[in-house]
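Shown next, in structure tokens, is the structure this report addresses.
Remember, it's 1-based here, ligands and their atoms both numbered in the order they're listed. Bear in mind that the values here come from a model prediction, so they are computed numbers and not experimental data.
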Amino acid sequence: MAPPHSTNGGSEHDSSTAAAFASLDTVSHSESFNTEHELFDAGHKFKEGALISSKEKYAAMYTRSIKDPDGFWSDIASEFYWETKWPEENGKVHTENFDIRKGPVKVEWFKGGKTNICYNALDRHVQAGKGNQVAFYWEGNSPDLDGCLTYSELLQRVCQLANFLKDKGVKKGDAVAIYLPMLMELPIAMLACARIGAVHSVVFAGFSAESLAQRVLDCKPKVIITCNAVWRGPKVLVLKTIVDEALTISLAQGVSVDVCLTYANDIALAREKTAWQDGRDIWYQDVIPNFASSCDIQWVDAEDPLFLLYTSGSTGKPKGVLHTTGGYMVYTATTFKYAFDYHQEDVYWCTADCGWITGHSYVTYGPLLNCAKVVLFEGVPNYPDAGRCWEIVDKYNVTIFYTAPTAIRSLMRSGDEPVKRYSRKSLRVLGSVGEPINPSAWKWYYEVVGDERCPISDTWWQTETGGFMITPLPGAWALKPGSATFPFFGIQPALVDENGKELEGVCNGYLCIKGSWPSTFRTLYEDHARYETTYFAPFKGYYFSGDGCHRDADGYYWLTGRVDDVINVSGHRIGTAEVESALVSHSQCAEAAVVAIEHEVKGQGIYAFVTLKEGVSYSEELRTSLRNAVRHQIGAFASPDRIHWAPALPKTRSGKIMRRILRKIAAKQLDELGDISTLADPGVVQELIDLTDV
Ligand code: PRX
């Protein structure tokens with residue numbers, strides 16, 4: 001692994017000028033967010049026990065976090081174990097340059113301090129006598145399969161895997177790829193890497209072989225950890241075949257992964273039926289139990305890399321977001337504690353997969369750093385039926401439940417009965433993440449799921465931010481359905497106009513952040529130039545999030561969605577360019593343009609305009625085959641919802657596709673097409689309209 005601040009500058013860069021982003025009033029929702037005046041206050045009883053029980057208490061802490069970030073965060077950091085404390089010069093624990101005009105963007109927190117996040121998440125609790133406390137309750141895809149690990153047991157499992165990795169030559173700074181479903185082995189693998197200072201790169205197990213190969217080629221892992229197959233709802237997914245294909249692709253391009261540690265998930269696929277490459281592939285259960293269940297800690301610098309996680313941007317190549325150790329540890333633990341009003345008797349369940357940032361920060365690190373009891377769920381919310389989530393809530397007496405609006409909307413469609421079938425009386429706090437939550441979903445969540453008793457933490461953040469940025473603190477202030485409310489400690493949001501001018505008071509603007517916070521991502525792996533151009537060049541002096549945002553008269557923040565070429569499908573970020581390049585890889589596709597459309601359950605859907613090669617005719621089989629090309633290149637979750645045949649695409653005379661027009665055609669808002677006279681061939685628009693239902 002190269003150090004965080006190396007650059008290669010040679011890759012394709014995202015748009016760097018503000019003019020490249022969608023204008024803020026192009027962001028529309030079928031359901032307008034007109035709930036600015038509806039306030040939902042946590043009851044008196046909740047507030048009495050809340051960690052932050054009033055806006056005044058928040059304001060005092062927030063003010064200190066902004067005026068004295070070093071003092072504020074160093075007090076919190078001191079609650080963790082540091083093998084060597086960070087050197088303090090005049091009380092400074094961080095340095096930053098967030099202003100690209102003043103030189104390279106650079107952020108460091110607690111630099112020089114030596115710690116280990118695995119030690120803080122596990123050993124620290126075991127040594128404090130909490131080893132017998134449950135760390136994970138594991139709930140299988142099938143309701144009759146479950147398991148449980150205490151903190152001591154989890155630590156032993158982590159150590160055994162860490163010893164195996166060391167035995168295979170994995171050293172501090174080496175990358176390890178993890179392609180696993182939600183088995184306990186997934187967080188175990190992450191923690192094992194952290195323990196020995198290796199950098200994990202978890203790839204969501206819904207990504208295709210091509211996508212996995214792309215990530216392997218980028219970070220060149222020494223070992224990949226996977227399993228042979230898994231049940232997902234009523235289907236079996238054979239992951240090992242995908243890994244085999246990915247490793248073949250990467251080998252052909254010069255990157256060889258010599259060890260493929262494979263967990264035998266016998267209930268999904270027998271070992272004998274699993275494709276196998278002797279010499280490279282190793283069954284997890286055959287080797288891991290033979291390793292010692294204790295393993296020395298590799299102390300690392302606070303600024304040493306902890307993990308890489310790839311996310312989509314405006315161009316085809318995924319971005320390797322790099323997080324470091326110390327600041328990430330302090331920030332994820334603190335946000336978890338306050339945004340969920342965490343108390344030690346809580347049982348916490350986040351439905352996210354560890355393949356995404358939510359699973360890194362708020363299934364694994366944040367909760368374990370707080371010694372929480374965490375439910376890990378292998379399955380899907382509506383299997384075997386729409387009551388599954390509430391069955392799990394009752395089974396484990398879950399008190400904090402955190403999920404995505406898409407899951408809420410999909411469960412809402414099955415009505416109230418599957419919810420009411422279960423008591424849910426343990427629930428105290430609800431959470432939402434991944435996309436703006438529409439007020440009707442918010443209200444259903446609040447009224448039906450939470451029985452009007454549980455505050456909802458609608459947490460706005462990103463892979464890049466590492467932790468929550470704008471979020472309610474339950475009990476501290478009244479909520480408004482659809483608003484993420486106020487900034488977390490240390491976060492200074494700025495809404496700017498297209499010229500980068502900061503707006504005051506009530507406004508709509510591009511959401512930027514002033515100044516760093518401890519879990520700011522430090523770079524894009526081996527592409528610091530892209531990091532600067534994408535995030536720091538559009539609005540100089542700020543980090544630009546890519547989201548639009550409204551601030552109301554009470555100062556509440558309302559996220560309005562992406563303003564760049566990123567589509568948010570069921571809370572998953574997908575770059576339009578990635579889908580376009582997958583479509584164009586199809587032998588019969590000449591050109592493609594992808595836009596977002598509103599989707600009742602997924603939030604946004606993928607709408608693709610496709611121009612075929614000369615002489616190829618439209619057919620349903622071709623539509624399926626184009627969709628399969630996307631499944632193959634990216635994964636099933638990126639498959640277009642609609643393919644619209646396009647004899648040609650609307651382009652300016654300089655050849656630029658006018659997506660504004662495509663968005664309107666996709667949304668059937670034909671009276672809002674605007675000026676089409678600047679198109680090279682305005683006649684294209686009518687041709688596209690005529691083909692809408694073909
Ligand atoms: O558009 C915002 C949306 O998800 C994007 C970040 O996606 P990702 O990096 O995959 O991380 C998802 C989990 C944090 C953001 O730019 N987003 C996330 N949470 C919210 C949200 N939009 C509105 N409200 C939220 N609570």
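Atom numbering of ligand 1 starts at 1 in the shown order; those under 4.0 Å from a heavy atom of Thr463 are 8 (P), 9 (O), 10 (O), 11 (O). The Asn568 neighbourhood of ligand 1 comprises atoms 3 (C), 4 (O), with distances under 4.0 Å to a heavy atom of that residue. Every atom of ligand 1 is numbered from 1 in the order shown, and the set under 4.0 Å from a heavy atom of Leu559 is 23 (C). Counting the atoms of ligand 1 from 1 in the order shown, those under 4.0 Å from a heavy atom of Thr358 are 13 (C). Set against the non-hydrogen atoms of Arg562, the atoms of ligand 1 under 4.0 Å away are 1 (O), 15 (C), 16 (O). Heavy-atom proximity to Val433, at under 4.0 Å, picks out these atoms of ligand 1: 13 (C), 14 (C).
In this structure, Lys55 is positioned above the aromatic face of Phe486, its NZ or CZ under 6.0 Å from the six-membered ring centre and within 45° of the axis. At least one test fails for Arg453 against the ring of Phe46: distance under 6.0 Å to the centre or angle within 45° of the axis.
Put simply, the residue from Phe336, Tyr331, Phe340 that forms a ring-ring contact (aromatic ring centres under 6.0 Å, His included) with Phe468 is Phe340.
Between Ser432 and ligand 1, a contact under 3.5 Å exists for no N or O pair. Among the atoms of Thr459, some N or O lies under 3.5 angstrom from an N or O of ligand 1.
Ligand 1 is never approached by Ala484 to a heavy-atom distance shorter than 4.0 Å.
With sequence neighbours excluded, the residues that form a side chain to side chain contact (heavy atoms under 4.5 Å, CB included) with Met412 are Ser440, Ala441, Trp444.
Protein heavy atom nearest atom 10 (O) of ligand 1, with residue, atom name and distance: Arg573 CD, 3.4 Å.
When the options Pro436, Gly434, Gly466 are ranked by their closest heavy atom to atom 23 (C) of ligand 1, first place goes to Pro436.
Ring centers of Trp517 and Tyr328: at least 6.0 Å apart, outside the cut-off.
Using modelled atom types, one side-chain atom of Glu580 and one backbone atom of Val594 make a donor-acceptor pair closer than 3.5 Å.
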